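Naming convention: chains lettered A, B, ... in sequence-line order (proteins, then strands); numbering from 1 in each chain. Note that the structure is predicted; figures quoted are calculated from it, not measured. These values consider heavy atoms only, across backbone and side chains, with no hydrogens, waters or symmetry-generated copies.
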Amino acid sequence: MLGLPLIRSNPELVIQKLARKHFDARPVVEQVLQHDSERRAGQTRRDQLLAQVNQLSRQVGQLMAQGRKAEADELKQQSTALKQQVQDLEHQLQQQEAIIHELLVRLPNLPADAVPDGKTAADNVVVRSGGTMPQLSQHALPHWDLAAHYGLIDFEAGNKVTGAGFPFYCGAGARLQRALINFFLDQAVAAGYTEYEPPLLVNADTAFGTGQLPDKDQQMYYVNADELYLIPTAEVPLTNIYRDVIVEEQDLPIKLTAYSACFRREAGSYGKDVRGLNRLHQFDKVEIVRIDHPERSYSALEEMVDQVERLVQQLELPYRIIKLCGGDMSFASALTYDVEVYCGAQQRWLEVSSISNFETFQSLRMKLRYRDKSGKTHPAHTLNGSALALPRIVATLLENNQGPEGIRLPACLHPYAGFDTIR
RNA sequence: GGAGAGAUGGCAGAGUGGUUGAAUGCGGCAGACUCGAAAUCUGUUGUCCUGGGUUUCCGGGACCGGGGGUUCGAAUCCCUCUCUCUCCGCCA
């Protein structure tokens, strides 16, 4: 969420920047300002009254110690009279704080200045691209046909056992999953990220901290009996390790990585978008998370993009890196790069990674701060990215590398898979 | 799942109604000693909200797991929730 001091000191800037995300912030900002000034006035009054109460209580204590009970009783009555006022003010303050919080939580993050103008995905900007486009024959098959032909993925069994979007990987297909996960994790560790294995279920505070709650609750699977959410990405548990934490400035950056299964309800998706591996309810992903100093967070973002770029290069896939425009960015992000790979048989670009700087948006929600040399605390910047999400990588590897002898794997995967071609 | 114990500042650990934001120790920071370090000594050391001055300043308030209550006054008493530990049961 945005910080109250920012809104207080520069409401027009907030409104203006959120307009670039095509969000009309004016009504919310104005309400925030009004409730905030009322709240502060209320607090001042409450604090004054409480100071009196505290004063009286101290005097009562002294009088009692001296055995001057009658005088003490008189002061007690004065204090009791103040108490009702304090309680009323207290109640008002709590209400006001709740309202302000509700309002603040509805405001998206401000886009960075580097974010391109635009409303939809069509306005995104291709930053750079690489790799060579596959030369496939007319008879090239989409990955779902290839997966069936080589016995790599059993969609039907998944449908029966769970439902659509929960496939089984089998044989070389399962082995390929494991190979990719290990390759990605090894690469992340080599880049200085500490490997974690996170819980797959998280509580509501955690889901709130990274911004999944309250607005994206329909995208998460929810376990009623225990009030827990299945994670849509390892970002959620990883970043929340640092919820309510103050880190020392010299300990930044903090770099975390984890493999996890990810669960998404994907309500509202349909058609070719959900065919085969294109969009699943459960999928595997290696995530990288970084907590960094505000001055360094944008160079950190570039580093993370480079890291992901090296992965798709090693996988020998044609790719492009895209900077999302204001209208296409997520609620919590200040700047997002997507990495897409070209999937030859389907003849379409598929998003395999999304790398974002959230600046202080998540930190303010989860009270993640760092302490500078002078001892002051400031919200840290948080970033994360997929490095990488597996299903669309698998789809693209299968489609682009198909040939008469089978499906070739890129060299980087040979030691991990234990084979170089799927036959 | 059953029974019991507990949750205090970065850590350890006192504190059962009255200047207690909280003893003591460790750690951290600053200073003294030292060529330097160790040891020793001295001082200092939490977070958040808020008023005023407005770079280091001065005040008010809140916070001893979360929430609620009793009281003039609660870390201390009561209720409730969560979590941790020990024992029993079950189990990968």
**OP:** Hunt down the Watson-Crick or G-U wobble partner of C33(B), both distances under 3.5 Å, from any strand shown, or write none.
**Re:** none
Original post:
Considering only the P atoms, how many Å lie between A74(B) and G18(B), rounded to the nearest integer?
Top reply: 11 Å
Original post:
Can you tell me how far P in A23(B) sits from the matching atom in A5(B), rounded to whole Å?
Top reply: 29 Å
Subject >> C87(B) to G66(B) separation - C1' atoms, rounded to the nearest Å >> reply: 28 Å
Original post:
With both distances under 3.5 angstrom, what nucleotide forms a Watson-Crick or G-U wobble pair with C85(B)?
Top reply: G4(B)
Original post:
Which part of the nucleic acid, if any, lies within reach of Ser374(A) when heavy atoms closer than 4.0 Å are counted: base, sugar-phosphate only, or nothing?
Top reply: nothing
Subject >> Same-atom distance (C1') from U47(B) to G43(B), integer angstrom >> reply: 23 Å
Original post:
Of all the nucleotides listed (U47(B), U50(B), G73(B)), which has the minimum atom distance to the side chain of Arg371(A)?
Top reply: U47(B)
Original post:
Using the P atom in both, what is the distance from C26(B) to C78(B), to the nearest Å?
Top reply: 35 Å
Original post:
Got a sec: does the NE2 of His414(A) have more than 12 other heavy atoms crowding it under 6.0 Å?
Top reply: yes
**OP:** Tell which nucleotide pairs with G59(B), taking only Watson-Crick or G-U wobble pairs whose two distances are both under 3.5 angstrom.
**Re:** U50(B)
Original post:
Got a donor-acceptor contact below 3.5 angstrom from the Glu399(A) side chain to the Gln346(A) backbone?
Top reply: yes
**OP:** Would you please test His293(A) and Glu249(A) for side chain to side chain donor-acceptor pair (under 3.5 Å) and show each step?
**Re:** CA-CA 8 Å; His293(A) 194 282; Glu249(A) 188 173 20; 3.1 Å; yes
Original post:
What integer distance in Å separates Gln92(A):CD from C49(B):C1'?
Top reply: 17 Å
Subject >> Partner of Pro167(A) under side chain to side chain contact (heavy atoms under 4.5 Å, CB included), chosen from Leu152(A), Asp154(A), Leu280(A) >> reply: Leu280(A)
Original post:
Is any side-chain N or O of Thr377(A) closer than 4.0 Å to OP1 or OP2 of C48(B)?
Top reply: yes
**OP:** For atom CD of Glu295(A), decide whether the heavy atoms of other residues, nucleotides or ligands shown that lie under 6.0 angstrom number more than 12.
**Re:** no
**OP:** Please give the nucleotide sitting opposite A23(B) as a Watson-Crick or G-U wobble pair, both distances under 3.5 Å, or none.
**Re:** none
Original post:
What does A39(B) pair with, Watson-Crick or G-U, if both distances are under 3.5 Å?
Top reply: none
**OP:** Write down the distance separating the C1' atoms in G9(B) and G46(B), rounded off to the nearest Å.
**Re:** 6 Å
Original post:
Aromatic ring centroids of Phe283(A) and Phe263(A) under 6.0 Å?
Top reply: no
Original post:
Looking across every strand, which nucleic acid part, if any, lies under 4.0 Å from Ser79(A) by heavy atom: base, sugar-phosphate, or nothing?
Top reply: sugar-phosphate
Original post:
To the nearest angstrom, how far is Lys367(A) atom NZ from G46(B) atom C1'?
Top reply: 16 Å
Original post:
How far, in whole Å, is U71(B) from U76(B) if one measures between their P atoms?
Top reply: 16 Å
Subject >> Verdict with reasoning, Arg26(A) to Glu12(A), per salt bridge (charged side-chain N to carboxylate O under 4.0 Å, His left out) >> reply: CA-CA 8 Å; Arg26(A) 187 170 295 279; Glu12(A) 288 305 321; 3.1 Å; yes
**OP:** Take atom C1' in A62(B) and the same atom in A75(B), then report the distance between them in whole Å.
**Re:** 14 Å
Original post:
Which of residues 40-56 of chain A have a heavy atom under 4.0 Å from RNA chain B?
Top reply: Arg40(A), Gln43(A), Thr44(A), Arg46(A), Asp47(A), Leu50(A), Ala51(A), Asn54(A)
Original post:
Across all strands, who's sitting opposite G17(B) as a Watson-Crick or G-U wobble pair, both distances under 3.5 Å?
Top reply: none
**OP:** Ignoring the backbone of Arg39(A), work out which of U50(B), U19(B), C72(B) is nearest its side chain.
**Re:** U50(B)
Original post:
Does U71(B) pair with anything, Watson-Crick or G-U wobble, both distances under 3.5 Å, and if so, with which nucleotide?
Top reply: none
Original post:
Under 3.5 Å, is there a donor-acceptor pair between the Gln43(A) and Gln96(A) side chains?
Top reply: no
